Amino acid sequence: MVNQRKKQVSFHNNTPSPPATPEPRGLPMPTVERGWLTIPYHHLAVLAFMFRQGLTTSVQATLLQGLFTLIPLQLAYNYLIVSNTNSNTKRGKDNDNISLLVVGAVLVSLALSGPLHVCLVLFGAPIFAYWKETALLAAHLALVAFDPLLVEFKFDFARLRGIFGTDAAIRTLVGNPVVASALGGFVGAWLGVLPIPLDWDRPWQQWPITLVVGSYLGTVVGGLVSLVM
Amino acid sequence: MFFAFVQFIGIAFFTSGFLLKREVSPIVSDIAPIDASYDKAVVFVIDALRFDFTVPVQNSSKPYHNSLPILYDLAQTPQGALLKFVADPPTTTLQRLKGMTTGSLPTFIDAGSNFDGTAIDEDNWLLQLHRHNRTVAFMGDDTWDALFSQYIDPNLNFPYDSLNVWDLHTVDNGVIDHMFPLLDQPHQWDVLIGHCLGVDHVGHRYGPNHFTMKEKLSQMNQVIADIIDKLDDRTLLVVMGDHGMDETGNHGGDAPDEVESAIFFYSKKPLPFHKLDSSHYNISNAGADYRRVNQIDLVPTMSVLLGLPIPHNNLGFPIEEAFSSHAQWAEAAEACARQLDNFHRLTELKSAPLPAKYDANEAAAFQHRLLEECHRMWAEFDLVTMSLGILIIFLALTFILTYARSIPSVRVSTMSFEFIGSVVAMSLLGVVLSFSVYIVLKPADFTLKKCIGVGASLGTIIGFWAPIMDRFSVSWLLHQVKDFFVYNFNTWSFIGLMFVVLHTLVFASNSFVVWEDQMINFFVVTFGFALAFACATSDKLTPATRILGLSHAVTFTVLSRATAAIGICREEQRPYCVPSFATQWWSLVLLFVVAWLLPAVIMHFYKLSDSYHSAAPLWVGKGLKSVLVVNAVYWSVEWLQSYEPVAAWVPFVNGYLVKAIKLSVARLMLFSTLFMANLSWSKGPLCVKLANGGDRQTILGYNNVYGSSYFLLVLNFLAAVMLVSKPMAAVSLAMLVVQILSLLELFDMLDIRRNVVTPIVFTLLGYQHFFSTGHQATIPSIQWEVGFITTETIWFPFTHLNIVLNTFGSFIVVALAIPLITLWKIVPSNKPITVLSQVITNVTTMITYQIVVSLSSLLFAAHFRRHLMVWKIFAPRFMLSGMLIIVLNVVLVLVTLWFGTGKVVTQVNRIFGK
């Protein structure tokens with residue numbers, strides 16, 4: 001899902017160099033304090049837990065188990081994000097109902113896993129065969145990628161779109177570890193498709209293990225990349 | 001045009017180094033034969049007789065099982081013996097006939113010459129029969145005639161055209177008509193060969209799982225019974241298949257279903273056959289563990305039984321069951337060992353020689369070693385020629401990259417004349433120089449042809465570079481490349497280049513080559529999502545265009561996914577792939593829906609730019625619609641002819657009348673789409689209309705004057721391609737058109753028409769629909785049968801044209817649509833040369849992409865030349881790449897640029913030019 005990247009500006013020789021900190025007009029990007037705290041380390045733990053539970057032998061049951069493990073951790077993670085985010089809007093932090101935001105983000109992302117399932121099918125997932133696995137994948141992916149985005153932007157979809165739609169969006173987006181981590185989740189899932197065709201006959205090549213692994217690792221890598229840059 | 005030429009030379013070099021040739025030894029064996037066991041023999045070949053057709057399969061209702069019981073039943077009596085008969089790949093009839101008569105291993109290079117089998121000059125048992133004054137009578141598949149006509153009695157030679165795979169009965173009836181009178185007059189012949197093609201043709205046309213297969217096998221069953229009635233005591237009957245067929249009815253590869261055939265011996269002598277323990281003949285599981293012999297083992301067996309010397313190049317070993325006792329077989333084995341030893345000495349093989357004293361088992365071990373070594377030996381590659389080919393293509397690539405991307409496109413067109421002059425001069429110089437090099441130096445392993453090829457291509461490349469170097473310096477060109485990456489590089493270019501890089505890497509692994517179709521689908525859908533995302537978030541779109549753009553992007557993505565669901569599976573993709581290409585009743589319904597829907601959708605797109613005027617309603621609303629309806633009717637009739645209840649109850653549908661009507665309709669349609677429609681297009685139809693808007697007149701369709709006119713040309717070729725495509729392929733092509741139109745609208749909306757990603761995605765669409773029109777990069781998936789839609793027999797060039805249109809149809813359509821990236825929705829330009837040079841840039845980008853992919857497939861085919869799967873996976877893929885380079889160059893240069901873009905730009909500027 002490379003589509004998250006947006007057009008970058010193309011500079012001409014005679015134009016002055018761009019401002020040091022790009023300011024998307026009217027729609028400021030939320031900023032994160034103590035970025036190293038908001039990297040989803042718990043995704044690595046959940047992934048390790050699922051493999052220990054026998055992800056490769058019983059895919060469905062383990063993914064379901066992993067999902068139930070992920071939800072409480074994700075709630076805690078959401079709280080962590082909220083407490084480290086400076087949303088840069090006129091509304092103050094205190095006006096928000098934090099618990100509603102934290103729980104609501106998880107519920108809404110679970111609901112969004114439906115449309116995500118449709119997207120996965122469009123990308124080539126089988127429609128009927130393995131539909132349970134695909135649904136579980138969609139739920140995992142929605143939780144690790146959509147959920148932090150929703151919390152970070154406080155359900156402000158217009159702002160989200162505005163930021164994606166600007167020039168130099170990539171720079172702005174990668175600057176924020178939470179957003180970069182979510183994008184990393186999608187990129188990881190996209191790359192996770194590539195090992196499937198190999199004829200190595202390994203159990204981890206089963207649908208959709210490589211995509212789950214890709215998205216979980218992608219979120220962590222995305223967050224780290226943002227911190228480094 | 002000249003680089004097309006350079007690329008062709010490069011491909012030719014690589015091919016001649018890669019495809020193996022075997023040195024054929026002309027020595028004819030004259031070792032004294034053993035006494036004959038039989039005076040006469042009848043050899044009855046049933047083409048594509050797979051082994052499981054001949055043995056009882058419990059509880060199977062497949063039409064090909066239990067329909068030919070006679071062989072197994074007679075094999076239970078002492079008079080008959082049935083064995084599994086394993087062919088060497090390639091499993092094409094020409095190679096198999098060579099193998100089963102010479103006992104050698106014909107290599108892959110011969111596979112291409114199946115269309116014109118050349119006479120055989122290797123030692124073989126027909127030649128030996130001829131030398132010993134025995135009379136050979138033949139009837140059936142004309143491949144025998146092409147190979148052995150000098151050894152067959154001219155009065156008893158009855159060949160029939162073998163490649164018309166839609167004709168199920170002519171060959172078989174011919175065999176029956178000529179065979180039985182001869183069986184009544186045994187004094188006229190010594191060996192009688194009949195070769196029936198019906199089973200093979202049923203497989204090619206309908207696949208094995210079809211009721212006509214049952215009919216055909218039952219007919220063969222009866223023919224065998226009738227032959228046996230007429231045999232005398234001194235005649236041996238051999239019934240065999242030359243290869244099998246896969247579950248789609250095709251063959252050519254090395255899958256078990258393709259190589260496993262059956263051989264059956266029968267004689268009325270008392271106790272003619274020495275059979276082994278019954279555990280060797282296990283028929284459970286469709287005979288998976290049944291005793292197997294090699295196809296080439298027939299050669300020493302036949303030779304010894306008929307009292308002939310074993311052919312010199314034979315690598316087979318006598319079949320034990322065919323002899324009346326173990327002692328007799330041992331005697332034959334000894335004779336065979338002497339022949340093999342002779343061959344071993346004369347060809348200087350490295351494997352351990354035959355021991356001085358040996359028994360039958362040691363002889364068999366010797367034969368085994370020899371066969372192994374020859375398998376390896378005839379896989380020698382000519383690395384020098386291959387590297388030359390790769391180098392030439394690489395040089396062509398560097399040039400075309402410069403041409404496509406570095407030089408300002410306006411300069412390109414002004415430089416064309418300089419190019420022509422210098423290229424002609426330099427290539428002539430190259431030819432002359434290489435000729436003199438050849439005369440003076442006489443390089444060791446270089447033929448004149450190769451020398452001149454190298455000279456001409458190097459000359460051409462130098463000829464290209466000279467004018468460029470004259471104007472620009474290397475550092476300037478490198479600077480241009482740097483500029484591209486620094487300033488013009490955005491997300492879209494990144495996506496495009498990523499697709500190219502990943503597609504190039506596909507060839508690094510056999511698994512990715514096998515699953516190339518899915519990779520391409522994944523890329524195309526990814527691009528669809530990128531478009532949808534761009535539409536959703538771009539801040540440059542108004543809400544109304546955003547909705548429209550999103551709907552185009554969703555259409556594109558959904559259609560791409562739907563296209564991905566159509567296709568055939570190559571053997572290596574099983575069991576993870578479900579084929580969905582066979583014609584069902586609903587595919588015909590879809591065909592009619594397409595005939596109604598596609599013109600309507602195109603009309604809708606034209607109305608977006610207010611261009612549905614004058615020529616457009618005629619072309620789309622009348623022309624395209626009627627062609628599509630006729631096409632749907634044609635394929636419905638075709639399906640009815642093969643549908644059991646109809647074919648059984650209405651014999652009329654398979655009669656001559658229907659056949660003749662079908663043939664003439666197909667010819668008329670192809671003629672009118674390819675010739676008439678293009679002729680009228682060349683007169684320059686425009687899709688504009690003058691409208692009276694009160695006091696001033698406006699031209700409707702002015703905004704898309706180039707695009708709306710050029711698209712009609714694409715429709716001409718699309719209609720022609722659809723006619724020679726099977727129903728599901730036509731559905732896929734219809735979706736291709738809508739995909740292209742959606743892309744064109746989106747490129748315009750998002751203002752990315754000048755980005756490098758656009759021609760790349762078009763090429764990807766070409767690949768996607770190559771796979772979804774029922775093709776794969778394998779030899780058996782070529783749809784030979786469509787060659788006979790317009791001709792009854794092979795008739796150059798019409799049969800070939802059909803096959804090319806069918807195989808490369810999707811590429812032809814996208815190659816034609818490339819200029820639309822530039823031309824769609826622009827107003828008449830007062831600088832036509834700018835428009836033209838942008839089109840040239842896109843065309844060369846497409847060629848560049850194709851060369852990069854081809855070069856990669858060549859490199860990896862060369863790298864994996866010792867890979868287990870090289871003939872199955874890498875070699876066919878490289879052949880596809882080579883063919884694609886040729887087809888794309890021809891279409892892009894001749895039709896797209898010269899005919900299409902040239903005409904439309906001239907025409908528009910003649911009318912609207914300022």
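In what follows, every chain begins at residue 1, and chains take the letters A, B, ... in the order their sequences are listed. Please read these numbers as outputs of a predicted model, since none were measured by experiment.
Only the side chain of S509(B) has a heavy atom closer than 4.5 Å to any heavy atom of chain A. Contact of A532(B) with chain A is not made at all, since no heavy-atom distance falls under 4.5 Å. Proximity to chain B is limited to the side chain of V193(A), based on heavy atoms less than 4.5 angstrom apart. Interface remark: L194(A) contributes backbone and side-chain atoms alike to the contact with chain B (heavy atom separation under 4.5 Å). For V578(B), no part sits under 4.5 Å from any heavy atom of chain A, backbone or side chain. When heavy atoms are compared at a cutoff of 4.5 Å, L502(B) approaches chain A solely by way of its side chain, counted from C-beta outward.
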Determine, step by step, whether N510(B) and E572(B) satisfy the side chain to side chain contact (heavy atoms under 4.5 Å, CB included) criterion, reporting the C-alpha distance in whole Å, the side-chain angles of both residues, the deciding distance to 0.1 Å, and the verdict.
-> CA-CA 10 Å; N510(B) 56 335; E572(B) 298 88 351; over 6 Å; no
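Defined by atom type and a distance below 3.5 Å, a donor-acceptor pair is missing between the side-chain atoms of H117(A) and T134(A). Under the 3.5 Å distance criterion, with hydrogens and angles disregarded, a donor-acceptor pair is assigned to the side chains of Y216(A) and H140(A).
Aromatic ring orientation, F507(B) versus H503(B): parallel (interplanar angle below 30°, classes split at 30° and 60°).
For Y130(A), the OH atom is loosely surrounded, since the number of other residues' heavy atoms within 6.0 Å does not exceed 12.
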